[in-house]
Amino acid sequence: MRRRSPRLQARDVLRRLEPLYGQLTTGLTFTTPLELLMATILSAQCTDERVNTVTPTLFAMFHNADEYARSDPAQIETIIHSCGFFRNKTKSIQATATALVERFNGDVPNTMKDLVTLPGVARKTANVVLFHSFGRNEGIAVDTHVQRLSRRLGLTREQDAVKIERELMLLLPRKSWGRISDLLIWHGRRVCSARSPRCGECVLADICPSAFATV
DNA sequence: ATCCCGAGGG
DNA sequence: CCCTCTGGAT
């Protein structure tokens, strides 16, 4: 295939995926910024479907940052056990909750600058919370799906999530920064899967440098 | 670069 | 069995 400019490629990816996944947003179940923050911490290397099986119990047990911070860690570990990394995630949940109480009056901050100071929260998690709880496009959440699809589609050749985020931010209009992650994630789950991508069903196949290549 | 870690799919 | 899942800290 003739090599297309990354900017044109990015614009067409956005344009073609939007009608496919128009009504779909994050797959995580939540109501408040605190719930989304905790659900996103749990989502590391775990399907959002599984996160959604433990968060109803977690959210029923803890209603604010102070209650997370004061809890017996063993109680949280038991609830979130099936999500994997349960010791690290429990530490992140409680250390973040403590930081919210001590530095943010118990509230979830709404800026990248503040969010990434929370232990266990880096740019990916911060971007998810910023967009889905506060409607802010400060960056692009780059997870395993966004990384894989960006590379397969020829939008970047980088491996590092922060570098990929920076490149995508240069290719796409700011108002689409939050949306592009959701679109790439849903497409990654349903069509462009890691193991065996279903290129025969993909609406991007004709503009994808990796189509039918088993990348 | 390595570690954390359970669960489901192929 | 091996790979993957909305990562982050050391």
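Both backbone and side-chain heavy atoms feed into the values below; hydrogens, waters and symmetry mates do not. Just so it is clear, the model here is predicted, and its values are computed rather than measured.
Residue-level contact check: A:Val142 touches neither bases nor backbone, having no heavy atom under 4.0 Å from any strand. A:Thr26 comes within contact range of at least one nucleobase, with a heavy-atom separation under 4.0 Å. Counting non-hydrogen atoms under 4.0 angstrom, A:Ala141 reaches nothing in the nucleic acid. Within the nucleic acid shown, A:Phe85 comes within 4.0 Å of at least one base atom, counting heavy atoms only. As judged by a 4.0 angstrom heavy-atom cut-off over every strand, A:Gly188 is placed among residues making no nucleic acid contact. As judged by a 4.0 angstrom heavy-atom cut-off over every strand, A:Cys83 is placed among residues making no nucleic acid contact.
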Under 3.5 Å between N/O atoms: give me all the protein pairs with nucleotides 8-10 of chain B, atom names plus distance.
unit_1	atom_1	unit_2	atom_2	d
B:dG8	OP1	A:Arg50	NH2	3.1
B:dG9	N2	A:Arg195	NH1	3.2
B:dG9	N2	A:Arg195	NH2	2.5

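Tested against A:Leu171 for a side chain to side chain contact (heavy atoms under 4.5 Å, CB included), the candidates A:Ser5, A:Pro6, A:Ser150 yield a single pass: A:Pro6.
Taking side-chain N and O atoms only, A:Thr144 has a distance below 4.0 Å to OP1 or OP2 of C:dC5. Contact between the side-chain N/O atoms of A:His81 and the OP1/OP2 oxygens of B:dC5 is not found at any separation under 4.0 Å. The shortest distance between the side-chain N/O atoms of A:Arg189 and the OP1/OP2 oxygens of C:dT6 is below 4.0 Å. Phosphate contact (OP1/OP2 of C:dG8, side-chain N/O of A:Thr125, threshold under 4.0 Å): present.
Mapping A:Val121 and A:Thr47 onto DNA chain C by nearest heavy atom places A:Thr47 at the nucleotide closer to the 5' end. Where A:Leu118 and A:Ile185 each meet DNA chain C at their nearest nucleotide, the meeting point lying more 5' is that of A:Ile185.
A:Leu149 places its CG atom 14 Å from the P atom of C:dT4, with the value rounded to the nearest Å. One atom, CD1 of A:Ile41, and another, P of C:dA9, lie 9 Å apart when rounded to the nearest Å. Look at CZ on A:Arg123: it is 13 Å from P on C:dA9, rounded to the nearest Å. Summarising the geometry, the separation between CG on A:Asn127 and P on C:dT6 is reported as 17 Å, rounded to the nearest angstrom. A:Ile79 has its CD1 atom 17 Å from the P atom of B:dG6, to the nearest Å. In this structure, CD of A:Gln147 is placed 13 Å from C1' of C:dC5, rounded to the nearest angstrom. One can place CG of A:Asn52 at 17 Å from P of C:dC5, the figure rounded to the nearest angstrom. At whole-Å resolution of the value, CZ in A:Arg87 and C1' in C:dA9 are 17 Å apart.
B:dT2 and C:dT6 have their P atoms separated by 25 Å, with the value rounded to a whole Å. B:dC5 and C:dC2 are spaced 16 Å apart, taking the C1' atom of each and rounding to whole Å.
Closest approach to the A:Ser43 side chain among B:dG6, C:dT6, C:dG7 is made by C:dT6 (side chain taken as heavy atoms from C-beta onward).
At a cut-off of 3.5 Å, with distance as the only test, a side-chain donor of A:Arg50 or A:Ser82 sits close to an acceptor on the other residue. Between A:Thr117 and A:Arg103, the side chains place a donor N or O and an acceptor N or O closer than 3.5 Å (distance only, hydrogens not considered). No side-chain N or O of A:Asp160 forms a donor-acceptor pair with one of A:Gln147 less than 3.5 Å apart.
A salt bridge links A:Arg16 to A:Asp206: one of the charged nitrogens lies within less than 4.0 Å of a carboxylate oxygen. Between A:Arg87 and A:Glu77, none of the side-chain N atoms (NZ, or NE/NH1/NH2) sits under 4.0 Å from a carboxylate O, so this pair counts as no salt bridge.
Side chains of A:Thr156 and A:Arg151 form a contact here, defined as non-hydrogen atoms less than 4.5 Å apart.
Looking at every heavy atom in both residues, A:Pro209 comes nearest to A:Gln9 through CD-NE2, 4.0 Å.
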